Amino acid sequence: MKKLNVGMIGYKFMGKTHSNAWRQVDKFFPLSAQPVLHTICGREKKGLTAAAKTLGWSGVSTDWREVVANPDIDVVDINTPNDTHAEISIAAAKAGKHVLCEKPLAMTVKEASAMVDAVKRAGVVHMICHNYRRIPAIAQARKMIAAGDLGKIYHYRARYLQDWIIDPEFPLVWRLQSKIAGSGAHGDINAHIIDLGRYLVGEFSEVCGHLETFIKRRPLPGSKKKGRVTVDDAVITLGKFKTGALACLEASRFAAGRKNHIQLEVNGSEGSLVFDFEDMNRLKYFARGDASDRQGYRDIIVTEGVHPFISAWWPPGHIIGYEHTFVHTVYDFIEAIVKGKSVQPTFVDGLENQKVLEAVARSSKLRRWVKV
Ligand SMILES: NC(=O)c1ccc[n+]([C@@H]2O[C@H](COP(=O)([O-])OP(=O)(O)OC[C@H]3O[C@@H](n4cnc5c(N)ncnc54)[C@H](O)[C@@H]3O)[C@@H](O)[C@H]2O)c1
């Protein structure tokens, strides 16, 4: 079987989820090429060597440029902070590598456009890792909406809530510095529910948003001195889709008790769908067409062989989790590379997402609705 040598840049949180996916995918999915965990890259040798051993990579490199220049590498998988995505992706594309990049795609629309140009010019397969699209319940929701089961869509309501920085003494890590992260809850978690809105409903046409920073100064990592927080802690967004549907989004890192709480509700003329990530194998479906004496939300446990991705896993009712979404992502990515096809979400989706992010931030500054 054809081999695909993978070079992975960044080895912490996302590095771990992606390594697991590259390691697991051939055990469950019928692949057309075998991924090889060729080289893992980070900045510091000791931690990197330990990570390579734990995560199953054969080679290490402390310089991403070396990975990108290596003629043996076929795929570059980018799991580094946001300020590095553009430079690494563009260099990888120029070197003819297929690129999988974490979200948000870039720091700005300008950077994202340059990334799209580079991958298109190079003719490589490009994908942004909005892994939540590949939760079977979400892929099922998309199928049902596309088939018209919900009729005309009126509302997309979504919230993505966390609480990991609610303590004012939590340090000023890279995610709280705009020069590295670009934005806070906005690019980190609002980007995901914007992507799911685009996936399920369509393109945004206009937005009105507000970004808020509740704690303005925080201790510098490993120090008592404080530095300025330069990103948002929370963001609220109202939006309109080109289809005429309305969007209402909330993303916060200050929702005490919420750890990785993603809730979506889509209401259409013929029914509704409700999804809750903390119960991710379930999709709730209300059909207006049901006989009125038995109307109510149905619980679909999305673990039947007919449901997206599920036949590769366990028998019905034997649930799957967070890590599976990354396995599904790399499976589709590998198949797209072998077949020479495009695979959603592409860098173009990343660019469209970035346009929405930028429009919301502009709206917050201008205190008015803004066209995307
Ligand atoms: N898809 C998702 O749901 C999801 C979840 C979390 C993070 N992310 C995204 O993944 C990316 C990484 O986030 P994370 O949580 O894994 O961060 P992290 O801080 O846990 O890990 C970042 C890694 O990048 C490495 N790194 C930084 N600069 C580098 C450089 N110049 N060269 C090589 N390695 C470098 C660090 O050594 C570290 O291994 C971010 O873009 C983030 O937005 C996506």
Side-chain angles (χ1 to χ4, degrees), residues 7-21 39-52 54-55 57 60-69 76-92 99-107 111-112 115 127-135 138 160 162 164-165 171-196 199 221 231 251 253 259-262 277 280 321-330 333 345 347 349-350 353-354 357:
M8 193 184 77
I9 324 290
Y11 61 83
K12 291 224 172 109
F13 178 23
M14 280 305 107
K16 197 169 167 183
T17 61
H18 288 224
S19 297
N20 177 66
T39 303
I40 183 173
C41 172
R43 290 164 301 178
E44 174 263 314
K45 193 70 185 260
K46 199 161 159 242
L48 178 63
T49 311
T54 313
L55 302 176
W57 294 82
V60 295
S61 169
T62 50
D63 183 358
W64 66 260
R65 287 180 181 81
E66 192 178 274
V67 179
V68 162
V76 173
D77 178 9
I78 303 168
N79 298 287
T80 47
N82 311 344
D83 61 332
T84 61
H85 294 181
E87 194 184 6
I88 302 175
S89 294
I90 292 169
V99 194
L100 173 62
C101 183
E102 263 306 338
K103 46 51 55 179
L105 189 63
M107 302 283 276
E111 259 192 17
M115 292 165 81
M127 188 180 199
I128 176 170
C129 187
H130 276 298
N131 53 301
Y132 294 118
R133 285 190 182 206
R134 285 179 170 77
I135 293 170
I138 294 285
Y160 195 151
Q162 302 180 334
W164 59 280
I165 57 167
L172 195 65
V173 295
W174 72 259
R175 281 191 157 82
L176 304 182
Q177 301 172 37
S178 68
K179 65 177 193 312
I180 304 176
S183 63
H186 193 34
D188 191 21
I189 54 180
N190 208 25
H192 274 306
I193 51 178
I194 288 169
D195 179 67
L196 292 175
Y199 181 55
V231 302
R253 292 164 166 174
K259 303 301 169 184
N260 198 52
H261 175 89
I262 308 170
F277 178 65
M280 64 171 267
Y322 177 61
E323 67 275 28
H324 297 77
T325 64
F326 296 93
V327 180
H328 302 163
T329 301
V330 303
F333 184 55
F347 276 22
D349 289 293
N353 193 302
Q354 206 85 39
L357 289 173

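Numbers here are sequence positions counted from 1. Owing to the predicted nature of the structure, the values given are computational and were not obtained by experimental measurement. As the structure lists them, so they are numbered: ligands from 1, and atoms in each ligand from 1.
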Restricting to non-hydrogen atoms, name the atom on [X] and the atom on [Y] that form the minimum distance, rounded to 0.1 Å.
{"X": "Val60", "Y": "Ala52", "value": "CG1-CB, 3.5 Å"}
{"X": "Arg253", "Y": "Leu176", "value": "NH1-CD2, 3.7 Å"}
{"X": "Trp174", "Y": "Ala181", "value": "O-CB, 3.6 Å"}
{"X": "Ala251", "Y": "Ile189", "value": "CB-CG1, 3.9 Å"}
{"X": "Ala106", "Y": "Ala112", "value": "CB-N, 3.6 Å"}
{"X": "Ala86", "Y": "Met115", "value": "CA-SD, 3.6 Å"}

Please could you name the atoms of ligand 1 that [X] approaches to less than 4.0 Å, counting only its heavy atoms?
{"X": "Asn131", "answer": "1 (N), 2 (C), 3 (O)"}
{"X": "Ile9", "answer": "33 (C)"}
{"X": "Cys129", "answer": "1 (N)"}

* **Pair Glu323 + Lys16, salt bridge at N-O below 4.0 Å** => no

* Salt bridge check: are Asp195 and Arg133 linked by an N-O gap of less than 4.0 Å? -> yes

* **Candidate pair Trp57 and Ser19, rule side-chain hydrogen bond (donor to acceptor under 3.5 Å, both in side chains), full reasoning** => CA-CA 8 Å; Trp57 294 82; Ser19 297; 2.9 Å; yes

Which residue and atom name correspond to the protein heavy atom nearest [atom], and how close is it?
{"atom": "atom 41 (O) of ligand 1", "result": "Asn82 OD1, 2.6 Å"}
{"atom": "atom 12 (C) of ligand 1", "result": "Asn79 O, 3.3 Å"}
{"atom": "atom 39 (O) of ligand 1", "result": "Tyr11 N, 2.9 Å"}
{"atom": "atom 13 (O) of ligand 1", "result": "Arg175 NH2, 3.6 Å"}

* To do: Answer yes if the side chains of His18 and Glu102 hold a donor-acceptor pair under 3.5 Å, and no otherwise.
  =>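 His18 vs Glu102: donor-acceptor pair found between side chains.
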
* Asked: Is the closest side-chain donor-acceptor distance between Asp188 and Asn190 under 3.5 Å?
  -> no

* Give a yes/no on ligand 1: does Pro104 have at least one heavy atom closer than 4.0 angstrom to it? =>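 True for this residue.
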
Looking at non-hydrogen atoms alone, which of [options] comes nearest to [atom]?
{"atom": "atom 30 (C) of ligand 1", "options": "His85, Glu87, Arg43, Lys16", "result": "Arg43"}
{"atom": "atom 27 (C) of ligand 1", "options": "Pro81, Ala106, Gly15, Gly10", "result": "Pro81"}
{"atom": "atom 42 (C) of ligand 1", "options": "Lys103, Met14, Met8", "result": "Lys103"}
{"atom": "atom 19 (O) of ligand 1", "options": "Tyr322, Trp64, Trp174", "result": "Trp174"}
{"atom": "atom 18 (P) of ligand 1", "options": "His130, Lys12, Glu44", "result": "Lys12"}

* Centroid separation His261 to Tyr160 less than 6.0 Å -> no

Under 4.0 Å, heavy atoms only, figure out whether ligand 1 is touched by the backbone of [X], its side chain, both or neither.
{"X": "His192", "answer": "side chain"}
{"X": "Glu102", "answer": "side chain"}
{"X": "Thr80", "answer": "both"}

N/O to N/O below 3.5 Å, does that happen between [X] and ligand 1?
{"X": "Thr84", "answer": "no"}
{"X": "Phe13", "answer": "yes"}
{"X": "Tyr132", "answer": "no"}

